[in-house]
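Scroll down for the structure; my scribbles are underneath it.
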Amino acid sequence: MNQRPDHRGTALAAVPDDTAPWPRITVDSGRPGAEFEPRPQPPGQSAFDVPDTECDGWSTADFTVRSASVRGAGPRFYREARRECARVAWHEPSGAVVFAVADEPQQGAAQACRAAIDQLLCLLAQGSGTLDFDSFAHHTAERLRRLAPPAGMAAGMAAGTLAADWYATTLVAGVVQPEPGGPRIQVCRIGDSGAWLLDRTTGSYHALFKARKGADSHTEPVEHAVEHLTDSEILLVGSNGFGDPLGDGDGEVGELFARHLAVPPTPLRLAHVLDFAGERFDDDRTLVAVWPADR
């Protein structure tokens with residue numbers, strides 16, 4: 001804070017120093033890990049196509065949406081690209097919010113999100129009430145298969161690498177639709193990403209899927225869940241880079257997000273909070289949050 005005298009020499013009110021950098025929020029019992037400036041990605045990885053951090057946010061008459069994806073400390077140090085992606089869209093005729101979060105590798109994550117969003121919008125346009133997620137997963141996987149290059153033909157692929165390995169990724173995707181009894185959530189997942197309901201009044205988290213470690217996106221079945229969102233709840237959809245530190249929500253990370261998501265933050269603020277520092281948590285992190293509009 002600095003005091004600035006006016007032309008009569010009288011001190012004016014203190015002016016905040018808005019040039020100060022935002023410090024990273026420390027969790028993990030105060031062990032932030034090493035501080036360093038992120039390193040650039042090496043040539044050949046299309047670094048300009050995969051920025052260190054992405055964030056977005058908008059509102060409709062029924063929902064407020066925020067999303068962010070940040071590169072983890074490990075990839076920042078070892079000059080690796082962020083491997084996660086989140087995409088959110090609005091189906092205007094139904095008022096539904098459509099979302100997808102995918103994890104690793106980046107080629108697969110971005111394409112999987114795009115394919116998932118397109119397929120879900122198509123199903124909503126057909127007037128589908130209850131979504132057939134097995135069919136959805138099949139169509140999304142088939143689209144990715146057609147996009148994948150022949151084995152060993154893409155830059156960086158070892159000879160004999162399966163095309164499926166190039167675009168294989170975890171995926172959690174679904175829709176939130178306004179209904180008279182409260183917004184209805186339909187969500188599916190393949191792999192170890194997750195979805196939660198955060199109760200803003202109690203700060204408690206309800207996981208829509210069981211925790212899973214080391215899931216194989218090639219062989220895992222499609223899991224799906226249907227829930228209704230109350231006025232006090234927020235839908236969170238995230239990668240395991242968020243879910244693993246969150247755990248059951250009763251630790252430092254759970255308290256951090258319960259506090260900062262009580263009301264919708266700015267997209268940049270969400271990205272800043274998601275980029276928390278913790279010695280044990282150095283993976284990429286991606287999160288989509290959906291609030292029901294105040295009635």
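Note that the numbering runs from 1 along the sequence shown for the chain.
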As an exercise, state the distance from [atom1] of [X] to [atom2] of [Y], rounded to the nearest 0.5 Å.
{"X": "Q111", "Y": "R146", "atom1": "CD", "atom2": "CZ", "value": "12.0 Å"}
{"X": "D250", "Y": "S204", "atom1": "CG", "atom2": "OG", "value": "10.5 Å"}
{"X": "R145", "Y": "H138", "atom1": "CZ", "atom2": "NE2", "value": "9.5 Å"}
{"X": "R87", "Y": "D118", "atom1": "CZ", "atom2": "CG", "value": "12.0 Å"}
{"X": "C188", "Y": "D134", "atom1": "SG", "atom2": "CG", "value": "9.0 Å"}
{"X": "I117", "Y": "C122", "atom1": "CD1", "atom2": "SG", "value": "13.0 Å"}

If two hydrophobic side chains count as joined below 4.5 Å and joins carry through other members, does [X] share a cluster with [Y]?
{"X": "V97", "Y": "V187", "value": "yes"}
{"X": "V65", "Y": "I234", "value": "no"}
{"X": "L274", "Y": "V237", "value": "no"}
{"X": "L198", "Y": "V288", "value": "no"}
{"X": "L229", "Y": "F257", "value": "no"}

Minimum heavy-atom distance between [X] and [Y], given as atom pair plus value:
{"X": "V50", "Y": "A81", "answer": "CG1-CB, 4.4 Å"}
{"X": "A173", "Y": "L120", "answer": "CB-CD1, 4.1 Å"}
{"X": "F276", "Y": "R24", "answer": "O-NH2, 3.1 Å"}
{"X": "C85", "Y": "A110", "answer": "SG-CA, 3.8 Å"}
{"X": "G238", "Y": "V172", "answer": "O-CG1, 4.4 Å"}
{"X": "S232", "Y": "T201", "answer": "CB-CG2, 3.8 Å"}

Between [Y] and [X], is there a side-chain heavy-atom distance shorter than 4.5 Å?
{"X": "S69", "Y": "E84", "value": "yes"}
{"X": "P51", "Y": "R82", "value": "yes"}
{"X": "L236", "Y": "L246", "value": "no"}
{"X": "V88", "Y": "D56", "value": "no"}
{"X": "L256", "Y": "V273", "value": "yes"}
{"X": "T53", "Y": "D275", "value": "no"}

Indicate yes or no for a side-chain donor-acceptor contact from [X] to the backbone of [Y] under 3.5 Å, with no hydrogens or angles considered.
{"X": "R200", "Y": "A262", "value": "yes"}
{"X": "E252", "Y": "S29", "value": "yes"}
{"X": "R66", "Y": "G57", "value": "no"}
{"X": "R71", "Y": "E80", "value": "yes"}
{"X": "Y205", "Y": "G247", "value": "no"}
{"X": "R280", "Y": "R31", "value": "no"}
{"X": "T170", "Y": "A102", "value": "no"}
{"X": "H272", "Y": "P23", "value": "yes"}
{"X": "H139", "Y": "S135", "value": "yes"}
{"X": "T64", "Y": "W291", "value": "no"}

Pair E227-L208, side-chain contact (heavy atoms from CB on, under 4.5 Å): steps then yes or no: CA-CA 8 Å; E227 292 278 356; L208 301 186; 3.5 Å; yes
_Please enumerate all residues that pass side-chain contact (heavy atoms from CB on, under 4.5 Å) together with T130, with sequence neighbours excluded._
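For T130, the residues satisfying side-chain contact (heavy atoms from CB on, under 4.5 Å) (neighbours in sequence not counted) are R184, Q186.
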- Does the pair I185 and L197 meet the rule for a side-chain contact (heavy atoms from CB on, under 4.5 Å), with working shown? CA-CA 10 Å; I185 302 165; L197 299 182; 3.6 Å; yes
For R114 and R143: C-alpha separation, side-chain torsions, deciding distance, then whether side-chain contact (heavy atoms from CB on, under 4.5 Å) applies. CA-CA 10 Å; R114 186 173 295 113; R143 177 169 168 179; 3.9 Å; yes
Practice task
Tell me, with the steps shown, if D284 and R83 meet salt bridge (Lys or Arg N to Asp or Glu O under 4.0 Å).
Solution key: CA-CA 7 Å; D284 296 340; R83 298 183 176 185; 6.0 Å; no
message = Taking the six-membered ring for Trp, are W196 and F242 closer than 6.0 Å centroid to centroid?
response =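 Yes, they do, as the ring centres are separated by less than 6.0 Å.
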Working note: F63 + W90, criterion side-chain contact (heavy atoms from CB on, under 4.5 Å); need CA distance, chi angles, decisive distance, verdict.
CA-CA 10 Å; F63 302 105; W90 183 42; over 6 Å; no
Please evaluate residues Q177 and H91 with respect to the criterion side chain to side chain donor-acceptor pair (under 3.5 Å), reporting the C-alpha separation (whole Å), side-chain torsions for both, the decisive distance (0.1 Å), and the verdict.
CA-CA 9 Å; Q177 296 171 274; H91 183 251; over 6 Å; no
